[in-house]
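Working notes, structure below.
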Number of protein chains: 2
Amino acid sequence: MDPRCGCDNCELKTAFFESFRKEELGIFCDQKVEVPYKRGDIVFSEGDEIRYFAYLKSGLVKLFRTDPDGKDQIITIAGPFDFVSLLGVFSETHQTYSVSVLEDAVICCIEIEQMKAIALKNGFFTLNLMEKLGSISNKIILEALEIRKRHTHGKVAYILLKFSQSIYQSLVFDLPVSRREIAEYIGMTTENVIRALSEFRKEKLLRINGREIEILDLEALERISNYG
Amino acid sequence: MDPRCGCDNCELKTAFFESFRKEELGIFCDQKVEVPYKRGDIVFSEGDEIRYFAYLKSGLVKLFRTDPDGKDQIITIAGPFDFVSLLGVFSETHQTYSVSVLEDAVICCIEIEQMKAIALKNGFFTLNLMEKLGSISNKIILEALEIRKRHTHGKVAYILLKFSQSIYQSLVFDLPVSRREIAEYIGMTTENVIRALSEFRKEKLLRINGREIEILDLEALERISNYG
DNA sequence: TCCACGCTATGATATTTATCATAAAATGAC
DNA sequence: GTCATTTTATGATAAATATCATAGCGTGGA
């Protein structure tokens, strides 16, 4: 078996190679399981027992909660090399959110007890892990604050820029989510998300064809995101 | 010197005593500095270099960001035994938010390099620390989502219940913040916060005298928070 | 003590956003 | 392929929220 677990660009790898003695790394690579998922699959659900630490190798997933009357609320959208397990993974026994797949994904799973055992023995590894988990949590908190302070147009512009810049690094992309899911993400109604998109289209800021989006006027969109 | 650092109820203590050899604990207790703050004091500001890990021994503080045009946004309010340093403390070099004092406070400061040095040598300590940091980050994320999904009345009711239940454990309490700060916390205008409070008063849900609040009808307030 | 300033408060109005209604288009199940 | 269901879309209207204006009150500083 490839001691590098065969995973190019794995964010955990740096931590591993700097942290582990050879025999530890071997144990780790033997234990980890890579699971492929299809669009629409549920990786785990709110309330499930936490058994694995999960890391997204490829694809796109959404983290969300479902409230008592069945309405979903999207916490964030995670891409390659993001952790799907957030910080609660070490302090909770059951998942506090669900994860479903937006674009076919491969998730690398490591038994949480195995992870803890390694962490106990290896402070360097744990510190690395904490830095990575910390930066993801920070990103989610920052995003929540950015969304909170914007009005509808600013919110929609903000989320479009997130897709364009953070996720796809392109001015042309296919939205991985429905208008309803965007609404669940930024806390507004589906109708107003559609309206905002239509207005951006009419003002020539976007070209829209179903879920295909092209940003035609980046500066204007950024202006709306920042000051709209 | 008291090997327990003389701090009853210190959340770090459990981690320390289970994690440390005696000499490590001694180093730790020698290094830590307790700093008293008065209401209105700034503990640190956005952009400051991160030099200390900060833990709130007593009092009440607010964590907030200031956007380019000078408007503040409150991230959360932290009470005794909360960490003032969030996860970024290990991954960032500069503060991403400011902390100011709402009620006279004592903050326990430990040099971040010292903290890292201990963490590197001691996986158990780091794992404990990560659990604690994780649960605080989770709390902030959860709070952001709860606020996002509510309308004005629900938001104000939610925040009043937070003060009553999480912070003061009493139906009677003095608001530690102005109406404007509540608005900055939950993302609405000051006028509408005042209006919501006035309406709650008129409907006999609250008794209000300046910043003094008494919750008269807890069930109704909870109903508004959950379904309003 | 007095003054200036920020905080609290309320009303009137304008704007934004949600809700309800309707319909075409797309998607998925059979 | 057909049908049911969801998604996208738009308009009309109602409700919520922000903005602007005004004023009494309280607090801290000169």
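All chains are named by letter (A, B, ...) in the order of the sequence lines, taking the proteins before the strands, and each is independently numbered beginning at 1.
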With a 4.5 Å heavy-atom cut-off, do [X] and [Y] have their side chains touching?
{"X": "Leu206(A)", "Y": "Ile215(A)", "value": "yes"}
{"X": "Arg150(A)", "Y": "Asn226(A)", "value": "yes"}
{"X": "Lys71(B)", "Y": "Lys149(A)", "value": "no"}

#### Entry: Sequence neighbours excluded - salt bridge (Lys or Arg N to Asp or Glu O under 4.0 Å) pairs with any residue from residues 182-196 of chain B
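Passing the test, one end in residues 182-196 of chain B: Arg180(B)-Glu184(B).
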Rounded distance (nearest 0.5 Å) linking atom [atom1] of [X] with atom [atom2] of [Y]:
{"X": "Glu34(B)", "Y": "Tyr55(B)", "atom1": "CD", "atom2": "OH", "result": "10.5 Å"}
{"X": "Leu160(A)", "Y": "Ile208(A)", "atom1": "CG", "atom2": "CD1", "result": "8.0 Å"}
{"X": "Ile147(B)", "Y": "Ile74(B)", "atom1": "CD1", "atom2": "CD1", "result": "10.0 Å"}
{"X": "Glu146(B)", "Y": "Ile159(B)", "atom1": "CD", "atom2": "CD1", "result": "11.0 Å"}

#### Entry: Residues Asp104(B), Arg39(B): salt bridge by 4.0 Å N-O rule
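Result for this pair is no, no salt bridge flagged.
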Below 3.5 Å is the cut-off: list the nitrogen or oxygen pairs between protein and nucleotides 6-9 of chain C, distance only.
| residue | atom | partner | partner atom | Å |
| --- | --- | --- | --- | --- |
| dC7(C) | OP1 | Arg180(B) | NH2 | 3.4 |
| dT8(C) | OP2 | Arg179(B) | N | 2.8 |
| dA9(C) | OP2 | Arg179(B) | NE | 3.4 |
| dA9(C) | OP2 | Arg179(B) | NH2 | 3.1 |

### More than 12 heavy atoms from other groups under 6.0 Å of CD on Glu219(A)
no
### Enclosure of Arg51(A) CZ (heavy-atom neighbours >12, cutoff 6.0 Å)
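Not more than 12 within 6.0 Å, no.
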### Query
What is the distance, rounded to the nearest whole Å, between atom CE of Met188(B) and atom C1' of dT15(C)?
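So the CE-C1' distance, Met188(B) to dT15(C), works out to 16 Å.
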### Task
Give the rounded distance in Å between these two atoms: NE2 of His153(A) and P of dT17(C).
8 Å
## Note on the structure
So the contacted stretch of DNA chain D, first to last nucleotide with an atom under 4.0 Å from a non-hydrogen atom of chain B, runs from dT17(D) to dC20(D)
### Message
Between Ser98(B) and Glu46(B) (side chain of the first, backbone of the second, donor and acceptor by atom type, cut-off under 3.5 Å), is there such a pair?
### Response
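Yes; at least one donor-acceptor contact below 3.5 Å.
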### Message
Can you tell me if Asn192(A) touches the phosphate of dA18(C), counting only side-chain N or O atoms and a distance under 4.0 Å to OP1 or OP2?
### Response
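Indeed, a polar side-chain atom of Asn192(A) lies that close.
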### Query
If the sugar-phosphate is the primed atoms plus P, OP1 and OP2 and the base is the rest, what is the B/S/- string for nucleotides 23-30 of chain C, using protein heavy atoms under 4.0 Å?
--------
### Query
Applying ring pair (Phe, Tyr, Trp, His ring centres under 6.0 Å), which residue pairs with at least one partner in residues 174-196 of chain B are found, sequence neighbours left out?
none
### Query
Looking at five pairs on each end of the helix from dT1(C)-dA30(D) to dC30(C)-dG1(D), what is the angle between the two axes, given to 10 degrees?
60°
